[in-house]
Amino acid sequence: MQKLPKSFYLRNDVVKIAKELLGKILVTNWDNEYTAGRIVEAEAYAGEIDKASHASKGKTKRTSVMFEEGGTAYVYLCYGIHEMFNIVTNKNGIPHAILIRAVEPMEGIDIMLHRTGKKVFNETLTRGPGNVGKSFGFHRSQCGLSLQSDELYIADDGYKVDEKLIVASPRIGVDYAGEDALLDYRLYIKGNKFVSGKLR
DNA sequence: CGACCGATCGTCT
DNA sequence: GACGATCGGTCGA
């Protein structure tokens, strides 16, 4: 398994990067607790002009990591409860990010069950960004961490997603963003059980 | 199944 | 002081 190189994250087209992340493997290894899963759903947030993005409010204490060079983690607290994991992309000064919304577990399922307090393994374990954050042990203290680190990275095991199964749709929960809420910036693998929302 | 609602707190106004 | 890039439980059909 190869870690995706830093150059992968520094490119301009955040939607294209989000699409390429489908089928890649998310790995966290905090305190030697190894968990891994295949990314099956992601959403792109395209900088200051994107009203759905936190970066549209400008550079603040919370969003400053998005303005730094890509290839790092942006983790924030949502609704006071959920730790959400995003990948920062593009070069210094352009606040692009990709929210990982769903993952298909591959390794460390027992650890994920323990972290979430769930008793049985089913599709709700890593379905939706809040559940991904919990299962993989994300916390906002990890904000800014490099994706080249050994505790956190994205890997390619050679798996190829069938192009015909990749669907683009509007993002979820961003109705406040006006016309930007209509953009097809959400990408997912059609038919996968772990994809969130009603229509899979 | 769908609609509704409460939890819970950091961030920005 | 208001409001989320959400989730899971409950209630009713």
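For clarity, every value in this text was computed on a predicted model and none was experimentally measured. Below, chains carry the letters A, B, ... as their sequence lines are ordered, and counting in each starts from 1.
The main-chain N or O of Glu33(A) is never found under 3.5 Å from a side-chain atom of Asp31(A) such that the two would form a donor-acceptor pair.
No side-chain heavy atom of Thr124(A) sits under 4.5 Å from any side-chain heavy atom of Thr116(A). Looking at Arg140(A) and Tyr76(A), their side chains never come closer than 4.5 Å, going by heavy atoms from C-beta outward. Within the 4.5 Å cutoff, no side-chain heavy atoms of Ile154(A) are placed close to those of Phe8(A).
Relative to the six-membered ring of Tyr45(A), Arg171(A) meets both conditions, a distance below 6.0 Å and an angle of at most 45° to the axis.
Using cut-offs of 30° and 60° on the angle between ring planes, the pair Phe85(A) and Phe138(A) is parallel.
Using a 4.0 Å heavy-atom criterion, one finds that Lys118(A) contacts the sugar-phosphate atoms exclusively. As judged by a 4.0 angstrom heavy-atom cut-off over every strand, Asn86(A) is placed among the base-contacting residues.
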Notebook entry, point to check: For DNA chain C, what string of dots and brackets results from 5' to 3' when Watson-Crick and G-U pairs need both distances under 3.5 Å, crossing pairs get [ ], and pairs with another strand get |?
Noted result: ||||.|||||||.

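With Ser196(A) as reference, Glu41(A) is the one residue of Arg127(A), Glu123(A), Glu41(A) to meet the side-chain hydrogen bond (donor to acceptor under 3.5 Å, both in side chains) rule.
Taking 4.0 Å as the cutoff to heavy atoms of chain A, we find the contact window on DNA chain C bounded by dG4(C) to dG8(C).
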Item checked: Test log, rule side-chain contact (heavy atoms from CB on, under 4.5 Å), inputs Glu20(A) and Arg11(A) -> CA-CA 12 Å; Glu20(A) 290 177 8; Arg11(A) 294 171 295 157; 2.8 Å; yes

Next item on the list: Go through the steps to decide whether Lys190(A) and Asp162(A) satisfy the test salt bridge (charged side-chain N to carboxylate O under 4.0 Å, His left out), and finish with yes or no.
Entry: CA-CA 10 Å; Lys190(A) 190 177 181 177; Asp162(A) 185 346; over 6 Å; no

Next item on the list: Test side-chain contact (heavy atoms from CB on, under 4.5 Å) on Trp30(A) and His139(A) and set out the steps.
Entry: CA-CA 11 Å; Trp30(A) 323 115; His139(A) 186 270; over 6 Å; no

Nucleotides 8-12 of chain B: which of its N/O atoms have a protein N/O under 3.5 Å away?
from	atom 1	to	atom 2	distance (Å)
dT8(B)	O2	Tyr79(A)	O	2.5
dC12(B)	OP1	Thr60(A)	OG1	2.2

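A residue-by-residue look at Thr124(A) and Tyr176(A) shows that Tyr176(A) has its nearest nucleotide of DNA chain C further toward the 5' end.
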